[in-house]
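Each residue takes its place number in the sequence, starting with 1.
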Amino acid sequence: SYSFCTLLHSSRANMIRLFTFMLCGAACTASMAEVQQACVMEMKGQSSMLVDKINAVSGSWGLTQAEAKQAAVVFNASFLFTATKAFEVFAEDDSTYVTTGDIGWMWLRDSCYELLPYLSALEGNPQQFPNTGLVIESAMHRMVSFINTDIYGSAFVDSASVGPTKHECPPSKNCPSCTCTQCAPTCGDYTFQRDFELDSVLHVLLFHYQYYSATNRTSHVQKPAFKTALGSIISLLQIEMYHNSKSPYVFDKPEGCKVKDGIGLVWSFARPSDDPTSGGYSIPDNIMLVVVIKKLVTLLQASGGFQSEIAQIETIAATVEAAIEKYGVMSNGEQKIYAYEADGYGKQTALDDANLPNLLWLPYLGYADHLQLYNNTRAFVLSNKDENYFKGSFATGLGSQHHSFGLRSHNPGPQCTGNCIWHLGLIMEGLTSPSRDVKRVKLHQILTTLAGQELLHEGFAPGDPTKYNRDWFGWADAMYCMMIIKDWIPYGHQ
């Protein structure tokens, strides 16, 4: 439970809560459902303030008047989406559970992104939104708790009575009805998706750093659950550097290829798109690992008491960074670029995918490109040479071979079945471009491919955006908000 006094500090605490508090006194506590409701009120006020800013400055963005108005409408809908459509209460411990919006389960990666706009509201003055801070801390607790139940899981259900997913988990004492006899190790009670994705745990660590960066708080890493999760993650990284000889992980789908053990990179079964890798070692994942560890060291040093863990992860980061230079660089026939995947034996994959982490986002991630290969890589990624770069009369941009079907219940219509551009790809192309003209084009393309909706989608047909996948895709909505907050509101004030 959470202090009711915190709720009362909110300027929008309603009279019902005040009356309840007067009846039961200071001992009265609030449930997470009540804290989430108070968070919604706080974020409605924040969204209103940001929309006013957008309306005040969007005339300088180079958009039509209708597009400028639409940008604000879409921002408001996207900003409030997670709080109003994706927040749930994990009943077993009254913590915050964050669905994707259209799928009722919690992905570690997606939930980190979905919370970013609210985290940005805490920057510099977290006391202004106390309930939002409580919700975010509660969600972080849920993330590390899930990691502690299954280090290889990437998505989790909301109740032990539902999970784990029977066909992805081996028969065990806690799941005698599980059917995957080829899978290992035993799943946790809440595992929904077991296609090990290295970036899932990395996103959780990155979000813990981002919370510290926004609030200057370190209490969230001093909790036993986080310390346990960190120890498990360190062991995971060390083991998956030697996947063939040390890893207990086996899945019911074939691995993309056999990798060479001990080359300094960390293995992952699946890409962030949830599809199996073709090379085994994801270069974007391993680059992300290096960046996240460097940020995490800053957080752990600020907290204190993590000397052993810092020494271990710094060794891992140095090893991985050296291996990226050796195995993660390739020639595309014209120039050197970062590979997307590698196996350690010489096989490398030249492509990129709209799902994050990818190669396009490296500047946004904060990667120090001391090899100076990003510009070459970007030129390749945003060209016809990349199998996931698509063009049409409405947009050009990065997409994915991954498609999510059957998620248009809120606005039934035709789906995109191939060569789909993702709104995530357009957003990241804009965020990482130094050109204001490119940023403007990408914003225009996003606004003109929403098919009359106020929310973003997963993939859409570049020649007919009415053909799209996913009505409610909280990850894309949140990243649109971050693009507006970081790239456009400040620009309008210059």
Side-chain angles (χ1 to χ4, degrees), residues 31-44 46-47 50 74-122 129 131-146 153-159 162-163 190 192-193 200 203-204 207 210-211 272 274 355-356 404 406-411 422-424 427 450 453-458 469-485:
S31 68
M32 180 46 62
E34 292 173 310
V35 177
Q36 288 179 0
Q37 291 168 4
C39 169
V40 170
M41 296 304 295
E42 289 177 353
M43 290 301 96
K44 282 184 177 180
Q46 176 72 354
S47 183
L50 291 171
V74 172
F75 178 88
N76 184 62
S78 296
F79 190 88
L80 295 177
F81 177 82
T82 295
T84 57
K85 298 293 191 294
F87 281 173
E88 294 184 6
V89 174
F90 191 79
E92 293 176 30
D93 66 356
D94 201 41
S95 60
T96 294
Y97 182 89
V98 186
T99 74
T100 66
D102 53 2
I103 303 173
W105 310 135
M106 181 171 174
W107 266 253
L108 295 178
R109 173 199 316 109
D110 292 45
S111 58
C112 290
Y113 285 105
E114 289 174 87
L115 293 168
L116 276 182
Y118 307 147
L119 188 56
S120 72
L122 301 184
F129 301 114
N131 301 290
T132 300
L134 287 174
V135 168
I136 291 174
E137 290 187 7
S138 177
M140 288 191 291
H141 163 75
R142 178 76 346 248
M143 293 172 194
V144 298
S145 296
F146 280 143
S154 59
F156 298 86
V157 298
D158 60 358
S159 170
V162 177
Y190 311 98
F192 172 69
Q193 192 163 278
S200 291
H203 273 103
V204 173
F207 190 80
Q210 290 168 324
Y211 183 76
D274 299 339
N355 288 271
L356 305 175
S404 300
L407 296 172
R408 285 200 58 174
S409 59
H410 300 283
N411 183 40
W422 283 40
H423 281 136
L424 279 176
I427 291 168
L450 299 181
Q453 307 302 300
E454 294 179 357
L455 296 169
L456 281 72
H457 309 133
E458 184 187 81
N469 305 326
R470 304 185 71 167
D471 287 318
W472 286 5
F473 187 29
W475 182 1
D477 295 324
M479 287 306 296
Y480 171 81
C481 293
M482 296 309 297
M483 178 184 68
I484 297 296
I485 291 170

Taking the basic N atoms (NZ, or NE/NH1/NH2) and the acidic carboxylate oxygens, is any pair closer than 4.0 Å for Arg142 and Asp93? yes

Point-to-point distance, once rounded to the nearest 0.5 Å, from CG of Asp471 to CD of Gln453: 6.5 Å

For Tyr97 against Val157, the heavy-atom pair lying closest together: OH-C, 3.3 Å

Residue pair Phe90, Phe146: steps toward the ring-ring contact (aromatic ring centres under 6.0 Å, His included) verdict: CA-CA 11 Å; Phe90 191 79; Phe146 280 143; 5.6 Å; yes

Just say parallel, tilted or perpendicular for the rings of Trp475 and Tyr113, cut-offs at 30° and 60°. parallel

Note: Asn411 and Arg408 closest approach over all heavy atoms is O-NH2, 2.8 Å

Are side-chain heavy atoms of Phe207 and Leu119 found at a separation under 4.5 Å? yes

For His457 and His423, take the angle between the two ring planes, folded into 0 to 90°, and tell me which bin it lands in: parallel under 30, tilted 30 to 60, perpendicular over 60. tilted

Which of Trp472, Phe473, Phe75 passes ring pair (Phe, Tyr, Trp, His ring centres under 6.0 Å) with Phe81? Answer is Trp472

Show your working on side chain to side chain donor-acceptor pair (under 3.5 Å) between Glu137 and Tyr211 and close with a plain yes or no. CA-CA 9 Å; Glu137 290 187 7; Tyr211 183 76; 2.5 Å; yes

Any chance you could measure Met479, atom CE, to Leu424, atom CG, to the nearest 0.5 Å? 7.0 Å

Tell me, do Trp105 and Thr99 make a side-chain contact under 4.5 Å, heavy atoms counted? no

Could you walk me through whether Phe192 and Val162 pass the side chain to side chain contact (heavy atoms under 4.5 Å, CB included) check? CA-CA 9 Å; Phe192 172 69; Val162 177; over 6 Å; no

Gap between atom CG of Asn76 and atom CD1 of Ile484 - 0.5 Å precision: 12.5 Å

Do Asn131 side-chain atoms and Val35 backbone N/O form a donor-acceptor pair below 3.5 Å? no

Counting distance only, does the side-chain N/O of Asn469 pair as donor-acceptor with the main-chain N or O of Glu458 below 3.5 Å? no

Are any side-chain N or O atoms of Arg470 and backbone N or O atoms of Ser404, one a donor and one an acceptor, separated by less than 3.5 Å? no

Rounded to the nearest 0.5 Å, how far apart are OG of Ser78 and CE of Met482? 13.0 Å

Are any non-hydrogen side-chain atoms of Met143 and Met106 less than 4.5 angstrom apart? yes

If you define the side chain from C-beta out and look only at heavy atoms, does anything of Ser31 sit under 4.5 Å from Asp94? yes

Rounded to the nearest 0.5 Å, how far does OH of Tyr118 lie from SG of Cys481? 7.5 Å

Ignoring hydrogens, what is the shortest heavy-atom contact between Ser111 and Val98? Give both atom names and the distance. CB-CB, 3.8 Å

Between the main-chain N or O of Ser159 and the side-chain N or O of Glu92, is there a donor-acceptor pair closer than 3.5 Å? no

In Å, rounded to the nearest 0.5 Å, how long is the span from CG of Leu134 to SG of Cys39? 9.0 Å

Please give me the minimum heavy-atom distance between Met43 and Leu80, naming the atom from each residue. O-CD2, 3.6 Å

Less than 4.5 Å apart, side chain to side chain, heavy atoms only: is that true for Ile103 and Asp110? no

Heavy-atom pair with the smallest gap, counting every atom of Ser138 and Thr96: OG-N, 2.7 Å

Non-hydrogen side-chain atoms of Leu450 and Leu455 separated by less than 4.5 Å: no

Does Pro117 offer a backbone N or O that forms a donor-acceptor pair with the side chain of Ser120 under 3.5 Å? yes

Are side-chain heavy atoms of Ser95 and Met32 found at a separation under 4.5 Å? no

I want to check something: taking the side chain as every heavy atom from C-beta on, are Leu122 and Ile136 in contact at a cut-off of under 4.5 Å? yes

Taking the side chain from Glu42 and the backbone from Thr132, do they hold a donor-acceptor pair closer than 3.5 Å? yes

